Asks: 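Below is the structure I would like to discuss, written out as structure tokens.
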Amino acid sequence: MINTVTEHAGGAASSAGNLPGVATEPNFAITPKISGDGSREGELLEISMGPHHPSTHGVFRMDVVLEGERIVKLKPVFGYLHRNHEKIAEGISYLGSMPYTDRLDYFCSLTNNWAYALSVEKLAGLQPPERAEYLRVITAELTRLINHTCLIGFLVQDMGALGTPLMYAFREREKILDLFEALTGARMMCNYMRFGGCRVDLPPGWLEQARRVVDNYPRFLDEYESLLTENEILVARTQGVGVLPARLAINAGVTGPMLRASGVDYDIRKVDRYGIYDRFDFRVPLGAHGDVYDRYMVRVLEMRESVKILQQAIRGLPDGPIMDAKAKLRNFRPKAGEAYGRIECPKGELGFYLISDGSPNPYRYRVRPPSFINLTILEDMCLGQKVADVVIILGSVDIVLGEVDR
Amino acid sequence: METLEQIKARIEAALPGAGLRLIPNDSPANQPSLLVDNAHAVAVASFLREDAQLQLDYASNVTGIDWPESVRKEKVKVKKVIDGVEKEVEELIEKKRPGFLEAVYHLYSMTLKQGPVILRLRTENRSDKAHLPSLTAVWRGAELQEREIYDLFGIVFDQHPDLRRILMWDGFQDHPMRKDYVEPDDYEYEPTPHDKVLEKAKRHYASEANR
């Protein structure tokens with residue numbers, strides 16, 4: 001007999017009565033109607049949250065079953081944005097998919113580019129030059145700043161703080177988007193990286209501007225934190241809510257800040273040391289409780305570490321070429337074989353699995369989307385919680401539907 | 001970390017009878033994989049998760065691949081007697097490979113920070129015997145991804161807790177990631193086709209009538 005994981009909640013509805021924090025008897029005066037199979041069907045309320053609920057971060061739906069105000073069952077439903085990205089990629093050249101990766105997680109196009117470029121480089125045996133590696137680190141860490149800042153803004157908005165924190169976040173995001181626009185020509189759909197390097201070099205004055213933005217960032221974070229970290233409402237709404245135990249998080253393949261908030265020390269920048277991350281001095285912040293507050297706090301601390309990486313990278317940026325001389329832009333045909341490459345994108349482990357049959361198009365192109373897989377345990381985190389907390393828990397997972405649905 | 005050969009030898013020692021095969025990988029990535037027979041898949045998976053030296057507690061990427069039936073031509077040297085003299089002659093031989101569907105699991109260890117170990121499972125064919133054992137009981141992270149494979153490739157995972165379509169809608173019939181998938185004329189079927197859709201449908205049905 002195999003050893004199954006005890007936390008597994010395959011039949012959530014059947015075990016609802018034994019959940020911690022859920023009263024086996026309803027605490028209201030209506031007598032439960034017991035139906036034929038023994039379930040208290042009459043007392044349960046089914047709600048379809050979404051797909052257009054403003055707090056659901058896109059076209060995402062949850063089929064929720066409530067007992068009073070508590071969640072008894074929750075099934076995420078998605079696919080509204082599905083366009084079969086993987087099938088499209090099988091029909092076009094390797095480079096042709098690069099702009100498509102921008103549209104996966106449209107908040108973090110540069111890390112998507114990097115993950116794809118890294119996988120193709122593994123498949124074809126390319127090595128980007130030094131300067132390109134530095135540029136990749138700089139753009140990726142700026143992307144992390146954008147993602148975490150805005151996520152916190154959205155999270156607080158889900159709690160009812162309409163506008164203000166999000167506008168603060170967008171103000172800072174704008175400064176970084178200006179940098180992206182100056183470098184790549186686009187604010188969000190950057191399409192910047194190539195197999196074996198980067199597309200363009202820095203425009204004059206860019207590094208100065210970037211240094212100013214980065215050096216001012218901790219001051220913004222202090223301001224942000226002074227508003228939020230000890231805020232009574234935020235603390236009351238997030239501490240002890242949506243707890244995810246470390247063992248379950250590992251088994252469910254959860255990655256990124258969500259995993260680290262549960263206290264698991266696993267950051268692919270440290271584990272794989274892809275690119276040149278072994279040269280930078282930074283720490284991996286970990287949470288202790290695995291609740292929504294820890295996920296918020298881990299992201300704040302991660303941004304502070306990102307600022308440290310950025311300062312080191314900007315200081316150390318060498319001169320030189322930005323493309324591997326071996327890299328071919330036209331008629332690019334990797335040898336038959338397969339490769340799986342992964343990076344730590346702001347939402348977790350973003351991987352690309354590619355199979356080449358020697359033709360100009362990939363035979364198989366697979367995206368391992370972190371926010372899709374992080375949704376596996378959404379139900380487990382929500383069971384027994386109040387319906388109002390579901391929105392916050394979902395917010396703390398940090399999903400982008402462009403990536404979930406692909 | 002151990003090489004895949006060593007891992008294979010240890011699995012064979014621990015689970016006698018398990019059918020394992022090394023699948024080499026020619027790309028510079030150098031990520032060979034291990035083909036496991038379906039009857040022992042769950043046992044092998046539990047072994048890999050529980051083994052003290054491996055502790056592969058994290059199934060990162062789970063995906064499907066479609067391999068339709070293919071014919072490969074290979075040159076083989078054959079000895080033939082021509083005019084009473086034995087000669088070596090090159091002959092083209094057609095090798096048929098029956099079609100199958102494949103599920104690939106990329107496993108890592110979060111505890112020991114090592115990996116990947118790549119597992120492959122293959123179905124018997126692409127139509128009525130497209131069944132594989134589900135590994136969701138071993139790695140919960142495979143749950144949604146196996147559902148996605150079921151949806152897009154049509155592999156049925158036995159013992160999966162909740163095997164439904166996930167990205168396509170419930171009434172959808174085909175499996176779009178298969179190589180021989182044909183797009184419908186109109187995804188959003190309307191009883192009265194018009195404009196471009198009507199043109200497309202006319203062409204489609206005319207070519208069918210000519211057959």
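Reminder, nothing fancy here: chain letters follow the sequence lines and each chain counts from 1. The structure presented is a predicted model; accordingly, all values stated were derived computationally and were not measured.
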Asks: Does B/Pro176 offer a backbone N or O that forms a donor-acceptor pair with the side chain of A/Lys87 under 3.5 Å?
Replies: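 Present.
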
Asks: Quick check: does any side chain N or O of B/Lys113 sit under 3.5 Å from a backbone N or O of A/Asp272, one acting as donor and the other as acceptor?
Replies: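 Not confirmed, B/Lys113 side chain does not pair with A/Asp272 backbone.
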
Asks: Could you check which of A/Gly79, A/Gly125, A/Gly253, A/Ala252 has the highest count of heavy-atom pairs closer than 4.5 Å to chain B?
Replies: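 That would be A/Ala252.
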
Asks: Show the nearest heavy-atom pair for residues B/Ser60 and A/Tyr340, with the distance to one decimal.
Replies: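 Residues B/Ser60 and A/Tyr340, closest heavy atoms: OG-OH, 3.1 Å.
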
Asks: Can you tell me how far CG of B/Leu167 sits from CZ of A/Phe78, rounded to the nearest 0.5 angstrom?
Replies: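 So the gap between those two atoms works out to 6.5 Å.
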
Asks: For A/Leu123 and B/Ser27, work out which heavy atoms get closest and say how close.
Replies: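 Looking at all heavy atoms of both residues, the shortest contact is O-CB, 3.8 Å.
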
Asks: Stepwise, does the salt bridge (Lys or Arg N to Asp or Glu O under 4.0 Å) test hold for A/Asp380 with B/Arg140?
Replies: CA-CA 12 Å; A/Asp380 303 57; B/Arg140 181 79 192 284; 3.1 Å; yes

Asks: Would you say the ring centers of B/Trp169 and A/Tyr80 fall short of 6.0 Å from each other?
Replies: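 When the ring centroids of B/Trp169 and A/Tyr80 are compared, they turn out to be at least 6.0 Å apart.
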
Asks: Would you mind telling me which of A/Lys335, A/Glu349, A/Glu121 has the largest number of heavy-atom pairs within less than 4.5 Å of chain B?
Replies: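 Greatest number of close heavy-atom pairs with chain B: A/Glu349.
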
Asks: Please classify the contact between B/Asp66 and chain A as side chain, backbone, both or neither, with a heavy-atom cut-off of under 4.5 Å.
Replies: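 Looking at B/Asp66, just its backbone touches chain A.
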
Asks: Check whether any side-chain heavy atom of B/Met177 sits under 4.5 Å from a side-chain heavy atom of A/Arg364, and report yes or no.
Replies: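 When only atoms from C-beta onward are counted, A/Arg364 and B/Met177 do touch, with a gap below 4.5 Å.
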
Asks: Between B/Thr111, B/Thr63, B/Asp26, who has the most heavy-atom pairs with chain A when the cutoff is under 4.5 Å?
Replies: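 Greatest number of close heavy-atom pairs with chain A: B/Thr63.
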
Asks: Please round to the nearest 0.5 Å and tell me the distance separating atom OG1 of A/Thr255 and atom OH of B/Tyr58.
Replies: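 The OG1 atom of A/Thr255 sits 4.5 Å away from the OH atom of B/Tyr58.
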
Asks: Could you please spell out the steps behind the side chain to side chain donor-acceptor pair (under 3.5 Å) verdict for B/Gln31 and A/Tyr353?
Replies: CA-CA 11 Å; B/Gln31 295 171 335; A/Tyr353 175 56; over 6 Å; no

Asks: Side chains of A/Lys75 and B/Asp162: does their closest heavy-atom pair fall under 4.5 Å?
Replies: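 Answer yes - side chains close enough.
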
Asks: With a 4.5 angstrom heavy-atom cut-off, which part of A/Glu86 approaches chain B: side chain, backbone, both or neither?
Replies: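 Both parts, backbone and side chain.
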
Asks: A side-chain contact here means heavy atoms from C-beta on lying under 4.5 Å apart; do B/Pro28 and A/Lys122 qualify?
Replies: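 No, too far: nothing below the 4.5 Å cut-off.
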
Asks: Is the number of heavy atoms from other residues, nucleotides or ligands within 6.0 Å of CZ (A/Arg283) greater than 12?
Replies: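 No, CZ of A/Arg283 has 12 or fewer neighbouring heavy atoms, counting only those of other groups under 6.0 Å.
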
Asks: Can you name the closest pair of heavy atoms from A/Tyr363 and B/Lys179 and give their distance?
Replies: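 Closest pair (atom of A/Tyr363, atom of B/Lys179, distance): O-NZ, 2.6 Å.
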
Asks: For the candidates B/Gln114, B/Gln145, B/His160, which exhibits the highest count of non-hydrogen atom pairs separated by less than 4.5 Å from chain A?
Replies: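 Most heavy-atom pairs under 4.5 Å with chain A: B/Gln145.
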
Asks: Identify which part of B/Phe47 has an atom lying under 4.5 Å from any heavy atom of chain A, answering side chain, backbone, both or neither.
Replies: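 It is neither, since no heavy atom gets under 4.5 Å.
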
Asks: Say you draw a straight line from CG of A/Leu375 to CD of B/Glu143; how long is it, rounded to the nearest 0.5 Å?
Replies: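 One finds 11.5 Å between CG of A/Leu375 and CD of B/Glu143.
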
Asks: Could you check which of A/Asn374, A/Ile377, A/Val404, A/Asp265 has the highest count of heavy-atom pairs closer than 4.5 Å to chain B?
Replies: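 That would be A/Asp265.
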
Asks: Compare all side-chain heavy atoms of A/His82 with those of B/Leu152 and state whether any distance is below 4.5 angstrom.
Replies: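 Yes - at least one pair of side-chain heavy atoms lies under 4.5 Å apart.
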
Asks: Examine whether an atom of B/Arg165 lies under 4.5 Å from a heavy atom of chain A, and if so say whether it belongs to the side chain, the backbone or both; otherwise answer neither.
Replies: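 Nothing of B/Arg165, per the 4.5 Å heavy-atom cut-off to chain A.
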
Asks: Judged by atom type as modelled, is there a donor-acceptor pair below 3.5 Å linking the side chain of B/Asn25 to the main-chain atoms of A/Glu338?
Replies: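 At least one qualifying donor-acceptor pair exists.
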
Asks: Can you tell me how far the CD atom of B/Glu148 sits from the CZ atom of A/Arg366, to the nearest 0.5 Å?
Replies: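 B/Glu148 CD to A/Arg366 CZ: 5.0 Å, rounded to 0.5 Å.
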
Asks: Where is the tightest heavy-atom contact between B/Arg49 and A/Asn251, given as atom of each residue plus distance?
Replies: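 That closest heavy-atom pairing would be NH1-ND2, 3.7 Å.
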
Asks: Heavy-atom distances under 4.5 Å only: say whether B/Val62 touches chain A with side chain, backbone, both or neither.
Replies: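 The backbone, not the side chain.
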
Asks: Identify the two heavy atoms, one from B/Met110 and one from A/Val254, that lie closest to each other, and give their separation to 0.1 Å.
Replies: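 In terms of heavy atoms, the two residues are closest at CE-O, 3.7 Å.
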
Asks: Just verifying a value: how many Å separate A/Ile355 CD1 and B/Ile65 CD1, rounded to the nearest 0.5 Å?
Replies: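 Output value for this atom pair is 3.0 Å.
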
Asks: For the atom pair CE (B/Met168) and CG (A/Asn84), what is the distance rounded to the nearest 0.5 Å?
Replies: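 It is 7.0 Å, given to the nearest 0.5 Å.
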
